[in-house]
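Shown next, in structure tokens, is the structure this report addresses.
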Amino acid sequence: MNVLVAGGAGYIGSHTVKRLKEAGHNPVIYDNVGRGHREVIDILKVPAVIADLNDRPKLLAALRDHKIDTVMHFAAYAYVGESVDQPLMYYQNNVATTVNVLDTMKEAGVSRFVFSSTCATYGDPDSIPITEDEKQLPVSPYGRSKLMVEHVLKDLQVGWKDFKFAALRYFNACGCATDGTIGEDHDPETHLIPVILQAILGVKPGITVFGTDYPTKDGTNVRDYIHVDDLADAHILAMEKLDTLKTVFCNLGTGNGFSVKEIIATAEKVTGKKVPVTFGPRRAGDAIALYANPKRAKDLLGWEAKHKNPESIIQSAWNWFKDHPRGYGK
Ligand SMILES: NC(=O)c1ccc[n+]([C@@H]2O[C@H](COP(=O)([O-])OP(=O)(O)OC[C@H]3O[C@@H](n4cnc5c(N)ncnc54)[C@H](O)[C@@H]3O)[C@@H](O)[C@H]2O)c1
Ligand SMILES: O=c1ccn([C@@H]2O[C@H](COP(=O)(O)OP(=O)(O)O[C@H]3O[C@H](CO)[C@@H](O)[C@H](O)[C@H]3O)[C@@H](O)[C@H]2O)c(=O)[nH]1
């Protein structure tokens with residue numbers, strides 16, 4: 001398939017581009033590189049359009065010129081904490097931009113859409129592991145922005161009969177390509193595993209644990225850490241599933257929850273080095289504990305995580321960060 005990967009120069013998008021290419025599809029990166037990396041395009045050697053998704057003429061031309069069958073939409077702002085400080089930025093880029101993408105797809109007659117949703121749409125769930133039937137009451141503007149798009153997708157399908165979509169609710173993406181070619185490079189980097197590894201490497205002075213008084217096994221937040229290559233594989237399966245299904249909502253996680261303290265201890269084990277840790281207050285917008293019931297993804301897509309434990313995930317991230325402590329080209 002010809003796949004426009006919106007946000008393909010970013011972290012999860014680039015890993016998916018790599019997997020799409022390896023699986024024999026034709027990915028085209030579309031990214032404004034505001035939070036992505038031009039280096040990815042050279043490394044992956046795929047066609048790319050450097051432009052904003054709100055540039056409608058350029059987006060329309062990209063859809064038509066590359067005879068796109070499916071849009072995979074990774075482009076968004078994706079920090080829970082930042083969304084609390086700058087909600088309008090999140091509603092603008094995560095909701096309004098997505099509406100523009102969908103409208104442009106309609107004009108071009110491109111009717112298959114794979115959307116990066118998130119477990120942050122569940123807020124603090126009533127029961128964990130979380131199934132797709134859990135209530136969706138997000139506790140951050142970021143989570144709300146993603147839930148709004150899920151509603152837009154359902155509404156759009158009512159009047160646009162050909163429109164098919166998969167909304168994939170990922171848990172915490174982490175790890176890096178196991179061949180070391182591409183990796184994780186966010187700026188600012190706020191994600192737990194990269195922050196830990198950069199603290200070990202001396203790029204950051206240390207790590208602050210955000211909150212130790214949560215009602216969890218050791219007082220710190222619990223998350224489901226899912227390898228980025230596993231996410232990429234799920235996207236390809238979901239895209240292919242749209243041959244037979246019109247609508248897919250799926251959690252993408254391992255089914256296992258690990259606390260912040262457990263992740264720090266695992267990183268120390270994998271790297272053989274001590275992490276400089278301080279304990280601080282809670283971060284606004286953080287849910288208490290989130291981990292998936294991954295059954296639907298297995299039943300529907302035939303997908304399950306290959307990296308089931310944080311050791312192998314952190315090892316793949318460590319391989320990348322050791323060689324690229326400050327990311328691409330720095
Ligand atoms: N990282 C995670 O743990 C996680 C978990 C759940 C869901 N998600 C979702 O997955 C997606 C990808 O996350 P990521 O960590 O790879 O983020 P990222 O910031 O690394 O990548 C996003 C890419 O989109 C591009 N982009 C953003 N707005 C754009 C616009 N208006 N026009 C063109 N390009 C634009 C950026 O330049 C960047 O390259 C996001 O939608 C995020 O909400 C991420
Ligand atoms: O310096 C740090 C960084 C993180 N954490 C904690 O580590 C956990 C994970 O945080 P982080 O890696 O920032 O991820 P999340 O805030 O859980 O958000 C990620 O995972 C979500 C799904 O859970 C996605 O939707 C988001 O896009 C993605 O940024 C949370 O409990 C944080 O409070 C710390 O204690 N100290």
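Here, residue 1 is the first one in the sequence, and each next residue gets the next number. Order of listing sets the numbers, starting from 1, for every ligand and every atom in it.
Residue contacts with ligand 2: F171 is placed with no nitrogen or oxygen under 3.5 Å of a nitrogen or oxygen of the ligand (distance criterion only).
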Show me the short polar-atom pairs for ligand 1: any N or O of it lying under 3.5 Å from a protein N or O, with distances only.
from     : atom 1 : to   : atom 2 : distance (Å)
ligand 1 : 3 (O)  : A173 : N      : 3.0
ligand 1 : 15 (O) : H186 : NE2    : 3.0
ligand 1 : 16 (O) : Y11  : N      : 3.3
ligand 1 : 16 (O) : I12  : N      : 2.8
ligand 1 : 20 (O) : Y11  : N      : 2.9
ligand 1 : 20 (O) : H186 : NE2    : 3.1
ligand 1 : 28 (N) : N93  : ND2    : 2.9
ligand 1 : 31 (N) : D52  : OD1    : 3.4
ligand 1 : 31 (N) : D52  : OD2    : 3.4
ligand 1 : 31 (N) : N93  : OD1    : 3.0
ligand 1 : 32 (N) : N32  : ND2    : 3.4
ligand 1 : 32 (N) : L53  : N      : 3.0
ligand 1 : 34 (N) : N32  : N      : 3.1
ligand 1 : 34 (N) : N32  : OD1    : 3.3
ligand 1 : 37 (O) : D31  : OD1    : 2.7
ligand 1 : 37 (O) : N32  : OD1    : 3.2
ligand 1 : 37 (O) : G34  : N      : 3.3
ligand 1 : 37 (O) : R35  : N      : 2.9
ligand 1 : 37 (O) : G36  : N      : 3.2
ligand 1 : 39 (O) : G10  : N      : 3.2
ligand 1 : 39 (O) : D31  : OD1    : 3.2
ligand 1 : 39 (O) : D31  : OD2    : 2.6
ligand 1 : 39 (O) : G36  : N      : 3.3
ligand 1 : 41 (O) : F74  : O      : 2.8
ligand 1 : 41 (O) : K146 : NZ     : 2.7
ligand 1 : 43 (O) : Y142 : OH     : 2.7
ligand 1 : 43 (O) : K146 : NZ     : 3.1

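A salt bridge does not link R35 with D187: every distance from a Lys NZ or Arg NE/NH1/NH2 to an Asp or Glu carboxylate oxygen is 4.0 Å or more. Salt bridge absent: R112 and D69 never bring a charged side-chain N and a carboxylate O closer than 4.0 Å.
Between K273 and W318, the closest side-chain pair of non-hydrogen atoms falls below 4.5 Å.
Under the 30°/60° scheme for interplanar angles, the aromatic rings of Y11 and H186 are found to stand perpendicular. Ring geometry for Y170 versus F74: interplanar angle of 30 to 60°, hence tilted.
Closest to atom 36 (N) of ligand 2 among all protein heavy atoms lies T208 O, 2.8 Å.
Residue Y90 shares its hydrophobic cluster (ILVMFWY side chains chained together at separations under 4.5 Å) with Y77, Y79, V80, M89, Y142.
Taking every non-hydrogen atom of V260 and a distance limit under 4.0 Å, the qualifying atoms of ligand 2 come out as 6 (C), 7 (O), 31 (O), 35 (O).
The shortest heavy-atom distance from Y225 to ligand 2 is under 4.0 Å.
Between the side chains of H25 and E240, a donor-acceptor pair is found at a separation under 3.5 Å. Side chains of H235 and T16: a donor-acceptor N/O pair is absent below 3.5 angstrom, by distance only.
In C119, the part holding a heavy atom less than 4.0 Å from any atom of ligand 2 is the side chain.
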